[in-house]
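Contents: one structure, followed by commentary.
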Amino acid sequence: MTESIGAAPLRHDWRAEEVAELFALPFADLIFRAQSAHRAHFDANAVQLSTLMSIKTGACPEDCAYCPQSVRFDTGLEREALLPLEQVRDAAQRARAAGATRFCMGAAWRSPKDRDLKKVIDMVQAVRDEGLETCVTLGMLKTQQAKKLKEAGLDYYNHNLDTSPEYYEDIITTRTYDDRLDTLEHVRDAGIKVCCGGIVGMGESPMDRAELLRQLANLPEHPQSVPINNLVQVEGTPLHGVDPIDPLDFVRTIAVAKIMMPASYVRLSAGREEMSEAVQTLCFLAGANSIFYGDQLLTTANPAHLKDLALLEKLGMAPEASPKYSDLEPAAAPSPEAAPQARSSRCGRNTAAAGAS
Ligand code: SAM
Ligand code: DTB
Ligand code: SF4
């Protein structure tokens with residue numbers, strides 16, 4: 001357990017100038033503030049591991065300019081129908097054996113049809129039965145659909161704001177920012193934990209990054225999980241070839257997210273395959289405490305899981321044990337060199353504030 005430096009109250013009234021001031025801090029001051037905020041809520045040496053699986057791939061009717069799965073772009077991706085339940089169960093078993101505590105299932109849909117939702121609910125129940133937390137990302141959700149997922153025991157729903165309201169229309173035209181906020185409200189109201197973040201490195205301005213974080217932090221509750229994705233550029237998508245973000249600006253985005261939403265897990269998400277270990281380490285220092293773990297994201301590559309375990313070990317960090325199924329033994333890490341699992345990422349003194357807002 002690391003030292004807690006004290007928890008400030010969670011805020012939902014961030015002004016644009018305040019966020020700009022955080023981004024403008026000298027790098028060392030910013031990282032110090034983010035690490036201090038992080039230690040007030042979490043064990044700074046534990047990282048939550050989530051494994052992703054694409055349960056329905058490609059042929060999506062939406063036009064998200066970053067996405068290889070849109071039917072509108074020729075990315076050479078082979079479309080796949082909704083996977084059979086057994087294939088999902090097998091993957092969940094493997095993820096748990098490798099040390100993941102959450103299994104996230106993604107579908108390339110605008111929104112789920114009710115008959116598909118029934119099949120996803122079977123998957124959620126099967127994954128739960130394997131002792132993993134569950135997360136799904138299925139596109140826009142209606143109130144009743146969110147309620148059904150909650151009844152099935154779903155832990156998290158991932159639905160990203162992606163970018164600032166101002167830059168949004170340059171990226172997606174087939175659904176609005178308000179549509180996204182509506183889905184988040186339905187998920188929250190159903191009592192499902194919210195996983196919501198965005199993507200940087202899409203040619204957005206620094207102000208767009210600040211505004212994305214302001215939108216997230218000023219939601220009625222801070223999302224319990226905040227994925228910050230670095231754009232994975234895929235040939236055939238409109239954003240292929242865009243100027244990448246400076247890695248230090250990526251780290252700054254993580255740090256400001258942690259300062260604004262200190263009790264939330266900030267996930268260093270897509271884009272790690274292209275990122276050096278040094279930059280990933282700076283992200284952990286800036287308060288990132290969750291990663292996608294497994295050799296594949298949805299349709300693109302992620303670092304090999306043994307490489308990730310080796311990096312954590314080098315840093316004296318450990319995968320977080322399952323917070324929910326503490327009756328189960330933590331899964332054995334597959335490498336004898338791998339870091340031992342921490343019991344829990346939460347810092348004992350401030351668990352009441354953590355995750356609530
Ligand atoms: N179709 C559903 C939706 O969009 O809500 C769920 C799946 S979608 C692939 C989930 C999220 O993945 C997107 O909101 C976006 O933030 C992220 N994403 C997709 N393609 C990406 C890419 N090339 N690089 C980084 N993040 C990406
Ligand atoms: C999120 O924020 N990032 C994940 C997950 N939520 C669903 C998706 C990343 C996708 C990267 C591109 C791909 O592999 O297709
Ligand atoms: Fe479809 Fe989701 Fe990709 Fe957008 S991000 S094109 S909604 S799969």
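Atoms within each ligand, like the ligands themselves, are counted from 1 in listed order.
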Just to confirm my output: which protein heavy-atom neighbour is closest to atom 8 (C) of ligand 2, and how far is it?
L298 CD1, 3.8 Å
Does C67, backbone or side chain, put an N or O under 3.5 Å from an N or O of ligand 1?
no
Going by distance only, is there an N or O of Y66 that falls short of 3.5 Å from an N or O of ligand 1?
yes
Backbone, side chain, both or neither: what part of N160 comes under 4.0 angstrom of ligand 2, heavy atoms only?
side chain
Could you tell me whether some N/O pair between W109 and ligand 1 is separated by less than 3.5 angstrom?
yes
Protein residue, atom and distance nearest to atom 6 (C) of ligand 1, heavy-atom basis:
T137 OG1, 3.1 Å
Using the test ring-ring contact (aromatic ring centres under 6.0 Å, His included), find all partners of Y168 that sit at least two apart in sequence or belong to another chain.
Y177
Ligand 2 versus S269, non-hydrogen atoms closer than 4.0 Å: side chain, backbone, both, neither?
neither
What protein heavy atom sits nearest atom 7 (S) of ligand 3, and how far off is it?
R175 NH2, 3.0 Å
Note: S269 and F292 closest approach over all heavy atoms is CB-CE1, 3.8 Å
Looking at ligand 1, is there an atom of it that comes within less than 4.0 Å of some heavy atom belonging to G271?
no
Can you name the atoms of ligand 1, numbered from 1 with element, that are less than 4.0 Å from a heavy atom of A107?
1 (N), 2 (C), 6 (C), 7 (C)
Close-contact set for ligand 1 against L298 heavy atoms, below 4.0 Å
9 (C)
Please check if a non-hydrogen protein atom sits closer than 4.0 Å to atom 20 (N) of ligand 1.
yes
So for F292, does at least one of its heavy atoms come nearer than 4.0 angstrom to any atom of ligand 2?
yes
Out of the candidates R180, R175, R72, only one should pair with E62 under the salt bridge (Lys or Arg N to Asp or Glu O under 4.0 Å) rule; please name it.
R175
Looking at Y66, which atoms of ligand 3 are within less than 4.0 Å of one of its heavy atoms?
5 (S)
I'd like the name of whichever of L52, N229, N158, T300 reaches closest to atom 3 (N) of ligand 2 through any heavy atom.
N229
Which atoms form the tightest heavy-atom contact between P68 and T75, and what is the distance?
O-OG1, 2.9 Å
Side chains of T101 and Q48: do they bring a donor and an acceptor to under 3.5 Å?
yes
Do S70 and D63 pass the side chain to side chain donor-acceptor pair (under 3.5 Å) test, and can you show the C-alpha distance, the side-chain angles, and the key distance before you say yes or no?
CA-CA 6 Å; S70 167; D63 70 350; over 6 Å; no
Taking 4.0 angstrom as the limit and counting only heavy atoms of T299, give me the atoms of ligand 2 inside it, by number and element.
13 (C), 14 (O), 15 (O)
Could you name all protein N, O or S atoms found under 2.8 Å from atom 1 (Fe) of ligand 3?
C60 SG
Note the single closest protein heavy atom to atom 12 (O) of ligand 1, along with its residue, its atom name and the distance in Å.
N160 ND2, 4.5 Å
Compute the minimum heavy-atom distance from H240 to ligand 1 and say whether it is under 4.0 Å.
no
Return yes when G139 approaches ligand 1 closer than 4.0 angstrom through a heavy atom, no otherwise.
yes
Determine whether a donor-acceptor pair (N or O, by modelled atom type, separation under 3.5 Å) exists between the side chain of T237 and the backbone of V234.
yes
Looking only at heavy atoms of D162, does any of them come nearer than 4.0 Å to an atom of ligand 1?
yes
Taking atom types as modelled, is there a side-chain donor on D208 or T163 under 3.5 Å from an acceptor on the other?
no
Return the residue, atom name and 0.1 Å-rounded distance of the protein heavy atom closest to atom 24 (N) of ligand 1.
V232 N, 3.0 Å
Quick one: does A270 get an N or O within less than 3.5 Å of an N or O on ligand 1?
no
